[in-house]
K.L.:
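Below are the structure tokens for one structure; questions will follow.
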Amino acid sequence: MAATLTGCADTSVGTAVAADRPGLLDDLRSLAGTWIGSYQCAQGATGLTLTVQPKTKAEFAFYPLPENPTVASGTFTMNWQAESDRIVFRKSSWIDRPGSYVMVDLIADHTGSTTTLTGTVVGAGCTTFWLQRDVT
């Protein structure tokens, strides 16, 4: 049985703002790097590696987890920016698309943490994501 990641329509999520809040600019500077964790969508728990580049680009790589081995693997690019009290990652283009999977957006809560990212996956049947900075 093939799992399908259902998607969402492109919608505007907030308005871009300058990073003028205390601490937000430092948090955005420290965002670059590799983040590893998982997210929940219609296909179930799915592995996620988010590689964030300093100039508002990112790569979203998904893959099966031991508890959900039938999930396909794939990769797409994203653009990111600060919006109000959150960081929004918007889908951009496929690098490696498996079957009928569709891209999703991420809305990361601004918690001030430099070691974890958590938030909402924007897509039909999706809920949350959790990532931890890869320090290896």
Side-chain angles (χ1 to χ4, degrees):
M1 178 172 127
T4 300
L5 175 66
T6 57
C8 62
D10 287 314
T11 59
S12 176
V13 182
T15 303
V17 297
D20 58 357
R21 289 191 358 199
L24 181 57
L25 185 56
D26 289 334
D27 290 347
L28 293 177
R29 287 183 185 136
S30 69
L31 191 60
T34 302
W35 300 81
I36 299 172
S38 63
Y39 68 100
Q40 290 286 331
C41 276
Q43 76 278 5
T46 304
L48 169 59
T49 297
L50 185 68
T51 305
V52 181
Q53 301 164 8
K55 303 234 177 190
T56 69
K57 301 289 183 189
E59 185 176 290
F60 183 111
F62 59 93
Y63 43 87
L65 292 172
E67 64 267 26
N68 193 8
T70 61
V71 169
S73 295
T75 312
F76 58 89
T77 62
M78 304 184 93
N79 298 306
W80 64 268
Q81 67 186 33
E83 294 186 359
S84 301
D85 290 335
R86 56 196 180 185
I87 302 164
V88 178
F89 294 86
R90 287 196 175 84
K91 59 190 167 283
S92 181
S93 61
W94 282 104
I95 295 170
D96 179 21
R97 182 180 188 182
S100 61
Y101 277 65
V102 297
M103 296 179 283
V104 294
D105 294 335
L106 301 174
I107 301 173
D109 305 319
H110 176 256
T111 63
S113 174
T114 58
T115 58
T116 60
L117 280 176
T118 59
T120 304
V121 181
V122 181
C126 298
T127 58
T128 58
F129 72 92
W130 178 88
L131 298 168
Q132 184 168 16
R133 180 181 293 281
D134 181 13
V135 293
T136 59

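Just so you know, these numbers use all the heavy atoms, side chains as well, and skip hydrogens, waters and symmetry mates. Bear in mind that the values here come from a model prediction, so they are computed numbers and not experimental data.
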K.L.:
Side chains of residues 44-55: which donor-acceptor partners sit under 3.5 Å, not counting sequence neighbours?
P.N.:
unit_1 : atom_1 : unit_2 : atom_2 : d
T46    : OG1    : Q43    : NE2    : 2.8
T46    : OG1    : G44    : O      : 3.0
T49    : OG1    : Y63    : OH     : 3.0

K.L.:
Taking all atoms of both residues into account, what is the closest heavy-atom pair of D109 and G119, and its distance?
P.N.:
OD2-CA, 3.7 Å
K.L.:
Hey, could you give me the OG1/CD distance between T127 and Q40, rounded to the nearest 0.5 Å?
P.N.:
5.0 Å
K.L.:
W35 side chain to Q132 main-chain N or O, any donor-acceptor pair under 3.5 Å?
P.N.:
no
K.L.:
Any non-hydrogen side-chain atom of L131 less than 4.5 Å from a side-chain atom of T118?
P.N.:
no
K.L.:
Nearest heavy-atom pair of W80 and I87: which atoms, and what distance?
P.N.:
CE3-CG2, 3.9 Å
K.L.:
Salt-bridge test for K91 and D105: reply yes if a basic N is under 4.0 Å from a carboxylate O, no otherwise.
P.N.:
yes
K.L.:
For T77, check side chain to side chain contact (heavy atoms under 4.5 Å, CB included) against everything at least two apart and list the hits.
P.N.:
S92, S93, I95
K.L.:
Could you report the tightest heavy-atom contact between V104 and M78, atom names first, then the distance?
P.N.:
O-CE, 3.4 Å
K.L.:
Taking the six-membered ring for Trp and the single ring otherwise, decide whether the centroids of F60 and Y39 are under 6.0 Å apart.
P.N.:
yes
K.L.:
Under 30°, 30 to 60°, or over 60°: which ring-plane class applies to Y101 and F62, parallel, tilted or perpendicular?
P.N.:
parallel
K.L.:
Among all residues two or more places apart in sequence or in another chain, which pass the side-chain hydrogen bond (donor to acceptor under 3.5 Å, both in side chains) test with T116?
P.N.:
S113
K.L.:
Please name all residues satisfying side-chain hydrogen bond (donor to acceptor under 3.5 Å, both in side chains) with D134, sequence neighbours left out, ordered by chain then number.
P.N.:
T136
K.L.:
With a 4.5 Å heavy-atom cut-off, do L117 and L31 have their side chains touching?
P.N.:
yes
K.L.:
Between atom OG1 of T56 and atom CD of Q81, what is the distance when rounded to the nearest 0.5 Å?
P.N.:
8.0 Å
K.L.:
Write down the atom of P69, the atom of P64, and the distance for their closest heavy-atom approach.
P.N.:
O-CB, 3.7 Å
K.L.:
Could you go through the side-chain contact (heavy atoms from CB on, under 4.5 Å) check for L106 and V88 one step at a time?
P.N.:
CA-CA 6 Å; L106 301 174; V88 178; over 6 Å; no
K.L.:
Excluding sequence neighbours, so at least two apart, what forms side-chain hydrogen bond (donor to acceptor under 3.5 Å, both in side chains) with D96?
P.N.:
none
K.L.:
Taking the side chain as every heavy atom from C-beta outward, state whether R97 and F76 have any atom pair closer than 4.5 Å.
P.N.:
no
